[in-house]
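Counting starts at 1 for both ligands and their atoms, in listed order.
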Amino acid sequence: HSATRSVAATASSTARETIELADICWDDLGFGLVDTDYMYYMKCSSGGSFSKGELRRFGKIELSPSAGVLNYGQGVVDDGGKFDAKDAAEEVLVVVVLKVLSVVMMIVYGQGLFEGLKAYRREGDSILLFRPEENALRMRMGAERMCMPSPTADQFVEAVKLTVLANKRWVPPQGKGSLYIRPLLMGSGAVLGLAPAPEYTFLIYVSPVGNYFKEGLAPINLVVENEFHRAAPGGTGGIKTIGNYASVLKAQSAAKAKGYSDVLYLDSVQKRYLEEVSSCNVFVVKGKTISTPAIKGTILPGITRKSIIDVARTQGFQVEERLVAVEELLDADEVFCTGTAVVVSPVGSITYLGKRISYGESGVGAVSQQLYSSLTSLQMGLTEDKMGWTMEL
Ligand code: COI
């Protein structure tokens with residue numbers, strides 16, 4: 001605790017020194033990295049727990065070429081944090097078998113975890129975080145699945161606050177975007193044989209961002225992927241492991257080359273039910289009913305997803321979390337995506353087996369627009385936060 005307090009003192013004096021806005025063109029923000037002032041850095045040894053973090057100037061980090069994250073994923077820690085040769089031999093066998101089985105299954109050996117959340121500048125210059133404790137809990141859940149030690153929820157939220165305050169001048173003026181916060185958890189210790197990483201690093205960096213899709217707030221065009229799958233039952237699709245994102249790049253690149261904004265994945269068993277888009281969850285609107293794929297291990301439990309479900313219910317919609325068949329896209333009124341990066345993105349068309357299904361020929365659908373406005377005005381502090389979701393800094 002005393003270590004954390006001394007970091008807090010550093011952060012608030014840093015924030016006081018850097019109260020003006022950074023000197024960049026705030027109108028040109030997309031979703032790309034802008035180097036900022038500070039990052040947060042905390043290490044922990046295998047079998048230990050995270051305790052002492054610090055702010056560092058933003059910059060490159062040093063990793064051994066043999067770092068667990070670069071070689072085998074973070075490594076596997078058994079109950080006592082001890083390494084067992086028999087377990088390791090079994091792990092080698094499992095990895096070999098999985099690699100032979102399918103590309104999809106390789107995501108079982110993802111290489112670390114990440115999170116994404118945003119800070120908005122509010123009128124009067126305070127900063128609002130949106131549900132940071134939810135990200136903290138999701139990282140803990142992911143770490144448990146990957147057998148990695150993780151910061152406590154308090155440590156995570158405290159580190160996010162410090163990092164945002166230290167980079168306050170990079171939080172865009174209201175209406176120009178947000179500060180995207182990217183926590184990472186990785187096996188940073190060196191290993192050669194397949195073994196647990198002897199050390200883990202928790203790191204947070206930030207970047208001011210604007211819209212995720214190049215379409216801005218205009219509807220995006222998706223294509224349903226028929227060959228590749230994002231996740232398999234029993235795999236790691238339900239956690240934010242970095243391997244889940246590497247595995248979608250091939251299909252996403254092919255879709256982009258054909259002019260689509262992104263890819264919509266189907267379940268890998270029946271190839272019939274909607275899962276999610278590469279970087280966001282998906283919702284289908286029909287009248288006053290909004291349906292979204294249920295969380296069942298292969299779908300990321302999005303915090304924006306969860307928030308939109310609650311907001312829609314308070315606005316009189318019936319929200320169903322269930323299996324959503326791809327055919328339902330044919331007679332939907334609207335489709336939209338949700339995610340921290342994408343916020344609420346209306347979908348203008350979805351191409352399935354070569355046929356294009358269009359939505360909202362006259363622009364953004366009314367329901368998507370309504371939910372987007374409700375959520376973002378709450379996140380930016382323009383409406384009263386009756387949900388208690390925002391945290392003021
Ligand atoms: C986010 O929405 O924060 C994500 O982590 C998705 C990422 C691909 C940008």
Do Val223 and Leu329 land in one hydrophobic cluster if side-chain heavy atoms of ILVMFWY residues count as linked below 4.5 Å? no

Should you measure from each heavy atom of Gly116, which atoms of ligand 1 turn up under 4.0 Å away? 3 (O)

Taking the six-membered ring for Trp, are Phe283 and Phe336 parallel (under 30°), tilted (30 to 60°) or perpendicular (over 60°)? parallel

Would you kindly confirm whether Leu21 and Leu165 end up in one hydrophobic cluster when ILVMFWY residues are joined by side chain heavy atoms under 4.5 Å apart? yes

Using a 3.5 Å distance criterion without hydrogens, assess whether the side chain of Arg182 forms a donor-acceptor pair with backbone atoms of Glu115. yes

Starting from atom 8 (C) of ligand 1, locate the nearest protein heavy atom and write down its residue, its atom name and how far away it is, to 0.1 Å. Ser279 CB, 3.6 Å

If you have a sec, work out which protein heavy atom is nearest atom 1 (C) of ligand 1 and how many Å separate them, to one decimal? Tyr180 OH, 3.3 Å

Using a heavy-atom cut-off of under 4.0 Å, does the side chain or the backbone of Lys240 touch ligand 1, or both, or neither? side chain

Among protein heavy atoms, which lies nearest atom 2 (O) of ligand 1, and at what distance? Ala341 N, 2.8 Å

Would you check if the distance from the ring center of Phe31 to the ring center of Tyr180 is below 6.0 Å? yes

Atom indices of ligand 1, in the order listed, that fall short of 4.0 Å to a heavy atom of Phe114: 5 (O)

Closest to atom 7 (C) of ligand 1 among protein heavy atoms sits Arg182 NH2, 3.9 Å

Atoms of ligand 1 close to Thr340 [distance to a heavy atom under 4.0 angstrom, numbered from 1]: 1 (C), 2 (O), 3 (O)

Any Lys/Arg nitrogen of Asp27 or Lys176 sitting under 4.0 Å from an Asp/Glu carboxylate oxygen of the other? yes

